[in-house]
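Please read these numbers as outputs of a predicted model, since none were measured by experiment.
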Amino acid sequence: MTTRDAYGRQGADKALHPPAAARILLALCALTALFTAVAAALTPAHATTQAAYLADQLRVSPVYVTDQLPREVPKSTARDFARLARGTGTGVPTYVLVLPSQAAAGEGLLGAVHDRLGRDGLYVLIDESTVEAATAYGVTAPADDAVTVSRYELPYDAGPLRSFERFVEAVAEGPEAAAARAAAARERYADDEPPDLYIGPSDRQNQSLLTGMLLTGVPLSILLTAPYVRRWRRRLPGAPRKPAKPSPRWRLPAIAAAAAALVALTASAAFDQTTSSASPPPRAIDLNARLDRVAEGLSKDPVYTDPESPQTLDAAQLKQLHSRIRAFEASEGGGPVFVAVVPQLWSDESKGDEENFAYALHDKVGKDGLYIVADPLDGYIDAFNYGLHLDTYSLLYDLPESIEYGDEMSRAAQDHLLGERLDALMTIVDDTDRTDEPTTPGAPYPVDNPVTEDDLTPLFAADDFWPGLFMGTLAAGLLLGVVAGALEITRRVLRRRRPEPPATETLPEISPTEPSTPYLRTAARTELRALLADFDPEKPGDRRPGDCLDAAMLLLDGDADGIDDAAPYALLAVTLLARAGRAAAAGKAYNRCCAVNPLHGPAVGRHHVRLTAGDGHRRQLHICARCRDTATTAPRTVHTLVLTLPASASASASGARVPYEEADELLTAVPEGIRRLIEKVKERTYVP
């Protein structure tokens, strides 16, 4: 009997001939199962296991930070990554994996983790330096553009946390804004990479050296160069020999001290870096997290393979390795064997040192035995004996390179042939000589303190600071030499370009009663140059020209350029000696000059004159023709013709003047004649 369904079809037909839709559905299911089986067969076991482990971790928390990078990304920073991940926007669940760069497979790993987790969202993979990859599954998020922004807008040393922060900013801006920002960042990066945010130890040494040089070089340059420049300015034509109001002696040292303080404060503000890395200092729990994890695993199984890394040992190899371990433990002189298939990274707690890792792991496990460390990322294998009757040094130093470092075939293999090489190592261990006493290697060399390894040496305590102080002293002396040479060249050039003063014949014999210091300087320079031009030392005869020239040069310390620094009384004496020397060279008599005003010229006779106003004492002096006529016709006005000079260098600006004989004791010899003036100069300069 046949039955019909609700659509009028017979039941027998339904049972024997399924509908076309049902047949198609069954075919699709079969194909899906086939493809799944093929994909599973083609997917390496390590990828499946690694992705499964990471997916399980993301089920517990959407942010997973590895415990293998405590020096760069401590596990305790997970809360900071989680806080930033919440900023991607509503409706965008964000899953973050922070793994070592060698253990991460980029978007392929993110896809495998997503398939295992079965949740849509934005998946982000971060390594020890930056955002490595990001993929959006089932949500709208500019993942690729955000990765570009985080890479190109920041320098390499910005650190993973800051890189992820920039990534989240770009995602939150939306697809269009993120795309424009990524294009602009890519264009800027092509022209100029962002400057580094941190400096290294060598940069700090350079900063310290520069600070030391400036700390001594600047104040010493002020103390040495300023007085020299001041003296140089006084030697320029027309400059006063001394300032009208000299500055206090403490002013220059105070300026130098203020400059040193300013250098110290400026250097402290400019070179204020205290760390060489963006990495936060790890805590003790961060440094022990991986060791505790591996030690706990070895307490349950003598072979521990890192679940965060690609799996390099299949089930058959693990079974063989366990069998070899049990056989060795039961052999004579044997003992426990612990195999840790764990990456050895520069940023881990042991700084990539296998010996330090094994030493700390032995302390954590608390059992003697043979500890084998195999790196699943680089393929290196090392063995360390702690307390077994084995030749420790043979295992430590005499392992074949094909086992310890691998050969070309193992380096080309994805799993580094760790299974075969570990099996070969166990064969060597079985054949290793036994010892009468258990042996243990000494403590390994300590690694840098991970808490303080990124700290920069204080600016004023670095090794190059003290050499910088010494170099600054040398630089100050060198600067003084350069300045002195440049100023001397400048002074000579200016002197050559300065118009020559008029010849002696064009200078008026009747000079002013109150000559200025520049006038006296010009007269002395002109007369001395004329004497040097007229004087011939090889010419026999009168010695007076040479005596006058010698006396004039004694007043100038042997340098004609000393006229620029000479006092008014010395300038007057040089002028008189030069005129007398020129007259003697020409065969003329110039034994005495006018006692009223020596600049009037040679005396022509003696006469009684009053040199002060009123009924003062009269003196019989040798005077010139003009003064003689005045003394005859208007004797009470002779005192108005007396030559006066500035009372002192400090009083020259105020206009105070005195008769020339009172300006300096040397000029009291002028009325007694040129010969007496020459003798007076020699007495003053201690020349016999």
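Residue Thr439 is tested with Thr392, Asp391, Leu388 for a side chain to side chain contact (heavy atoms under 4.5 Å, CB included); the sole match is Thr392.
If you check the side chains of Ser402 and Asp407, you find no donor sitting under 3.5 Å from an acceptor. Defined by atom type and a distance below 3.5 Å, a donor-acceptor pair is missing between the side-chain atoms of Asp415 and Gln311. Looking at Glu308 and Gln68, their side chains do bring a donor and an acceptor atom within 3.5 Å of each other. Remark: the Arg151 side chain and the Ser163 side chain contain no N/O donor-acceptor pair separated by less than 3.5 Å. A side-chain N or O of Glu128 and one of Ser101 form a donor-acceptor pair less than 3.5 Å apart. Tyr405 and Arg411 share no side-chain donor-acceptor pair at under 3.5 Å.
In this structure, Tyr371 has its ring center under 6.0 Å from that of Phe338.
The pair Arg293-Asp67 meets the salt-bridge criterion, since a charged nitrogen lies less than 4.0 angstrom from a carboxylate oxygen. Using a 4.0 Å cut-off between charged nitrogen and carboxylate oxygen, Arg290 and Glu349 count as a salt-bridge pair.
No more than 12 heavy atoms of other residues, nucleotides or ligands shown are found within 6.0 angstrom of OH on Tyr152.
Partners of Asp301 according to the side chain to side chain contact (heavy atoms under 4.5 Å, CB included) rule, which considers only residues two or more places apart in sequence or in another chain, are Val303, His322.
Ring orientation note: the planes of Tyr123 and His114 are nearly perpendicular, at an angle over 60° on the 30°/60° scale.
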